[in-house]
Amino acid sequence: MKLDRLQPLSETAWTLTGAAGAAVKLFATRDLLEAMDEKVLEQIANVARLPGLVGAAMTMPDAHWGYGFPIGGVAAFDAEEGGVVSAGGVGFDISCGIRCLRTNLTLEALVPCLEPLADELFRSIPAGVGEEGSLKLSVAELDQVMRGGARWAVERGYGTPEDLDYVEEYGRVEGARPENVSELAKKRQRGEMGTLGSGNHYLEVQVVERIYDREAAQAYGLAEGQIVVSIHCGSRGLGHQIGTDYLVTLARAASRLGIDLPDRELACAPIKSPEGQQYLGAMNAAINCALANRQILTHLAREAFRRVVPGARLDTLFDVSHNTCKVERHRVNGGERRLHVHRKGATRAFGPGHPDLPPRYRAVGQPVIIGGSMGTGSYVLAGVRDNPAFSSASHGAGRAMSRRQALQRWSGRELIDELRGRGILIRTKSMRGAAEEAPGAYKDVDAVAEVTEAAQLARRVAFLKPKICIKG
DNA sequence: ATGTCC
């Protein structure tokens, strides 16, 4: 984007010039901004015009163009001031996120098993568009999933109660209303619990390559040379259908209530309106679905690991969502307010001492995971005090190029062969998907993590390098 | 992201 309409607040924070400029804030360096699509600025400036916005509409360093809201966007609204909720502010893949598991294995010990482990994980983890798993749920059971989240999955024997201590909201959000979810959405999801999906979703086996913060690494149970597993996926067909359904509902509500939408993709309704409440109930149901999905996948990954490496332990480090709208209390201008915080492609990043964190992590802050592009590497960070973005941070490398452009430029087969040469095993059913996910189509994850830290959104704890990637 | 256009 061109920087002529932007005013630097620091090397890593920018605002728009002009009267309404302060309602927009972009966290990025000059280099990241220059490489970012002009659309990101246009979109976040539109978000800043929505009713009831509190503070600024913000973008994280990994931001890119999305549906209505940019991906990497954060916006908080106050229900008492006519604040709105928007499906485009959450995204289609509701509660997409990353479950990170630490293991009792070292890379040194695992090296001889990498090929069979890659094959076993690929056999055990259903992946790809429309791929179904071994679970076939009735609509009544799916309602239980939507109410119970990861707790439902644990009760059904997928994983352990200890897992739940390290999942956002302890595995289940309040306010899920399965009755607000269409029959079509439920039907689409019946066979998709315990599946990875496609696109940028993955299951990676990674090695801790570098520790930045010893104290936090110790609290998180991470050490150099250790193997960890990261599972990136969301609410599959259910969340997507809810997004599709409620774009229509919310657009009608906006029209009925005379909300002036700068972009029709920003379809929204007041939080206090019937439509706003209906969407939030459905969205919370999808959040629980995603939490349950990652819990089942955790169980499948454990079983696959143990078939190849008897005695392997995979303990949940943390499970973070990065497509949500959540009710949180934040201090604004000296007073505490109850806000609806939209994070679309942005991670919640509570700092040290936050009461909602599990005791083990309370002193160092919430684990924040920046998932890298295929084959490049990921970061574990920790939340910091006085985060300037309603306790939010980056969620990934962020695309730098469209899927279409990536397809024209790369061949999936060649990419996979090249990565193999660098010691990274990719398993996928879709060569097209692999090309779309070419590392070169993403921003530099190292730069994103570095700028996330420089902007005081979170601090780096560990760098994870991939060894096996099961790609959706 | 997505039964990748009901």
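Below, read A as the first sequence line, B as the second, and so on, with proteins coming before strands; counting in each chain starts at 1.
With the nearest nucleotide of DNA chain B identified for both V129(A) and D93(A), D93(A) has the one nearer the 5' end.
Summarising the geometry, the separation between CG on L196(A) and P on dT2(B) is reported as 9 Å, rounded to the nearest angstrom. Per the geometry, CD belonging to Q241(A) stands 10 Å off P belonging to dC6(B), to the nearest Å. Between R404(A) atom CZ and dT4(B) atom P there is a gap of 17 Å when expressed in whole angstrom units. Protein atom CD of E437(A) is 17 Å distant from nucleotide atom P of dT4(B), rounded to whole Å. If you take CG of D245(A) and C1' of dC6(B), they are 14 Å apart, rounded to a whole angstrom. Atoms CZ (R432(A)) and P (dT2(B)) sit 14 Å apart, rounded to a whole Å. Taking atom CZ of F92(A) as the reference point, atom C1' of dT4(B) lies 13 Å away to the nearest angstrom. Rounded to an integer number of Å, the gap from NZ of K429(A) to C1' of dT4(B) is 16 Å.
Classification of K2(A) and E34(A) as a salt-bridged pair fails, no side-chain N sitting under 4.0 Å from a carboxylate O. A salt bridge links D417(A) with R413(A): the closest approach of a Lys/Arg side-chain nitrogen to an acidic carboxylate oxygen falls below 4.0 angstrom. Contact check on K429(A) versus E131(A) returns a salt bridge, with a Lys/Arg side-chain nitrogen under 4.0 Å from an Asp/Glu carboxylate oxygen.
L184(A) comes within contact range of at least one nucleobase, with a heavy-atom separation under 4.0 Å. Among the heavy atoms of the strands lying under 4.0 Å from S198(A) is at least one base atom, whether or not backbone atoms are also near. Here G243(A) lies out of heavy-atom contact (under 4.0 Å) with every strand. No contact: E436(A) has no heavy atom under 4.0 Å from any strand.
F390(A) meets the ring-ring contact (aromatic ring centres under 6.0 Å, His included) test with H330(A); sequence neighbours excluded. Considering only residues two or more places apart in sequence or on other chains, H64(A) meets the side-chain hydrogen bond (donor to acceptor under 3.5 Å, both in side chains) condition with none of them.
Dashed line: the shortest gap from a side-chain N or O of R236(A) to OP1 or OP2 of dT2(B) is under 4.0 Å.
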